[in-house]
Asker: 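One structure is given below, represented as structure tokens, and several questions about it will come after.
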Amino acid sequence: MRIITPLVLCCTIGCGPKPRGSVSPSTPADPFAEIERRYASFRGPLMLNAWNQAVGEPTKDLTDLESDQIAFFSDETVNQQLADLSKSEDAAIQERAQGWIRLRKQDGMQQHESIVPLTTKIVEAMDGAPDHPLHGTGALMTIYSSDDPVARDEALKEIQQRSSTMLPILAERSVALNQLAQSHGYADFVHAQTGLPVQAATQQIEETCSAQLESTQSDWERLLQRGEKKLGRTSTDADWVSLSTSWSAEAGFFLKSDAFYPLSGRALKKMGFDLDAMNIEIRETPGQPGGAAYDISVPDDIRFHGHFMDGFEGARGWFHELGHAVHMKEVKETQAPFNELPFERALSEGVGEVFGAIVRDAAWIEAEFPDLNEEQLADYVAATKGLDAIVLRYNCYQTRLELALYAGELDVERLNTIHKDVFGSPAKYGATYPMYIYLGRPLYIWEYVISSVVTNTLLEQLGGQSLVSQEGGSILRTKMLAPGAKLTLKDYLENP
């Protein structure tokens, strides 16, 4: 059982960084020395092992370190020590203690000894039978990329059957996380993670999603119309992802994966970054959904991998994961626990999508590919918006589904209603969690919904100035990259 797992923020349907950052040495008099020593003892080796597993390199049996990780995040004496240090008259000690408390609040509960076994059961349920031809991510990859409607339908049916087994376990984990959060003084687990009790967080998500759904409704309808024309029937939830990815691949025919590195290098140079000098290790992992970035050691050893196929979806994934890697390279804080990405992943995912916005920028595309005619450029823009519309809907659906479990007992009819609210039609085979690669981390998709607000906030700060410019890069570096984990979601949104 591997507790530190790659956060696959779909380049399938979003992409994500693998936490966490490096830990700086402590002096003997440092009151945080033992905490940092314990954290560093498992964090680095587990991170490297996770990378090796993702890219097909030999891995080690690190069961003892996995146990150390669980013990660290379950240790109440550490919580008490940090609580005491947070009351120190020394402002620097107080700030570091509060930082460690925030890190443990974000990561500690999901890695608690009472939660890990439930997460393991959830992942196993969604993997399906070991001898099933769609075991693991096979079912997801089929609905993601297969051009065979029958195969997609069978894959969706398999995902629904697995979901019927998994959802009661997910509900059980939600109850356990609520109880754990309440033992630490929070109203519920959602309150611990987002700062809002579950009812308020649900209202926030419903309002945010309602606005996002409305703003992308015409793009969604265009995708459905294209699907009906292509299939000769009304498309279903077995078809939507494949329709969007195939359209974006066709419209993005000019985006070749072997040119992604120089293409992104030129964009970053205009923003004041030197991609070659960053020396980021990059691996192609075909056949796997999504991608992930790994801060083996900030800022010296940064890596990312993914399935970066030709077309917009591959380019989007590349730029998103590259954004995480650049973020890791640009963190200027040197003292733990702040020398890593923000603890609230909505911030780091927001950065990933800021970089992803480059390949969505029609003016930049036109400048890089001057041979595209007006019709081709328009089709490309429409295809990118169609894919974004389906990504947004899945993010909203899965977030609302999970929030419903934190708010009360499992109610399958309620979950079916959420599907109809978001997609405009009922789920073909009943309540499912289709993008199940995110289930390893509670409330992971919530971060994606909120990250869109983070991304838009940064882009609005540019005031019409191109992101791919010295000014754009400077604002991004100062506001979002350099602060590392000192940056909080609340502070950023209130004082952008």
Side-chain angles (χ1 to χ4, degrees), residues 6-18 54-56 137-138 140-147 223 226 240-268 275 280-294 303-326 349 351-362 364-366 368-369 371-372 376-377 379-392 394-395 435 437 448 455 468:
L7 299 186
V8 183
L9 230 153
C10 223
C11 304
T12 297
I13 285 251
C15 309
K18 179 65 194 69
V55 301
T137 59
L140 174 58
M141 289 301 291
T142 300
I143 64 169
Y144 172 63
S145 59
S146 175
D147 59 2
L223 177 64
R226 181 180 173 86
W240 297 330
V241 177
S242 178
L243 286 171
S244 63
T245 56
S246 63
W247 183 16
S248 68
E250 294 166 12
F253 67 91
F254 51 90
L255 291 167
K256 303 300 182 183
S257 57
D258 59 2
F260 288 169
Y261 186 91
L263 182 67
S264 56
R266 291 195 296 274
L268 263 60
L275 180 56
I280 298 168
E281 182 174 345
I282 305 168
R283 296 282 191 94
E284 174 76 23
T285 48
Q288 297 184 29
Y294 297 69
R303 314 177 187 191
F304 74 87
H305 73 83
H307 181 24
F308 306 122
M309 70 290 280
D310 293 348
F312 168 69
E313 173 63 348
R316 181 181 77 109
W318 172 280
F319 274 80
H320 181 107
E321 295 303 341
L322 177 63
H324 290 313
V326 172
E349 293 308 330
V351 170
E353 280 304 280
V354 166
F355 282 85
I358 295 172
V359 79
R360 292 172 169 89
D361 185 338
W364 180 78
I365 289 290
E366 190 172 19
E368 284 288 338
F369 302 95
D371 291 338
L372 291 177
Q376 290 171 326
L377 184 60
D379 188 48
Y380 174 77
V381 171
T384 64
K385 290 182 176 181
L387 192 143
D388 287 344
I390 183 64
V391 170
L392 183 153
Y394 271 118
N395 287 347
M435 300 301 149
I437 54 175
Y448 282 111
T455 301
V468 185

Asker: Can you name the side-chain contact (heavy atoms from CB on, under 4.5 Å) partners of A382, sequence neighbours left out?
Answerer: R222, W247
Asker: Could you tell me the separation between the OG atom of S145 and the CE atom of M309, rounded to the nearest 0.5 Å?
Answerer: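 With rounding to 0.5 Å, OG (S145) is 7.5 Å from CE (M309).
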Asker: Could you tell me the separation between the CG atom of L322 and the CD1 atom of I282, rounded to the nearest 0.5 Å?
Answerer: 6.5 Å
Asker: Under the salt bridge (charged side-chain N to carboxylate O under 4.0 Å, His left out) test, which residues partner E366, sequence neighbours left out?
Answerer: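 In terms of salt bridge (charged side-chain N to carboxylate O under 4.0 Å, His left out), with neighbours along the sequence ignored, E366 is linked to no residue.
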Asker: Applying salt bridge (charged side-chain N to carboxylate O under 4.0 Å, His left out), name anything that partners R283, two or more places apart in sequence or on another chain.
Answerer: E57, E281
Asker: Among all residues two or more places apart in sequence or in another chain, which pass the side-chain hydrogen bond (donor to acceptor under 3.5 Å, both in side chains) test with D388?
Answerer: R360
Asker: Measure across A267 and W364 and return the closest heavy-atom pair with its distance rounded to 0.1 Å.
Answerer: CB-CZ2, 3.9 Å
Asker: What is the distance from atom CD of E368 to atom CG of D361, rounded to the nearest 0.5 Å?
Answerer: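 Reported to 0.5 Å precision, the distance equals 10.5 Å.
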Asker: With no hydrogens and no angle check, is any side-chain donor or acceptor of E284 less than 3.5 Å from a backbone partner on F308?
Answerer: yes
Asker: For the pair S244 (side chain) and L223 (backbone), establish whether a donor and an acceptor sit closer than 3.5 Å, ignoring hydrogens and angles.
Answerer: no
Asker: So, does S242 use its side chain to make a donor-acceptor pair with the main chain of S146 at under 3.5 Å?
Answerer: yes
Asker: Anything under 3.5 Å between a donor and an acceptor, one on a side chain of residues 254-265, the other on a protein residue two or more places apart or in another chain? List them.
Answerer:
unit_1	atom_1	unit_2	atom_2	d
K256	NZ	F253	O	3.0
S257	OG	D310	OD1	3.0
Y261	OH	D276	OD1	2.6
S264	OG	F260	O	2.8
S264	OG	Y261	O	3.0
S264	OG	W318	NE1	3.1

Asker: Who are the side-chain hydrogen bond (donor to acceptor under 3.5 Å, both in side chains) partners of T285, not counting sequence neighbours?
Answerer: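 For T285 the side-chain hydrogen bond (donor to acceptor under 3.5 Å, both in side chains) partners, ignoring immediate neighbours, are H305.
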Asker: Atom CG in D379, atom OG1 in T384: separation rounded to 0.5 Å?
Answerer: 10.0 Å
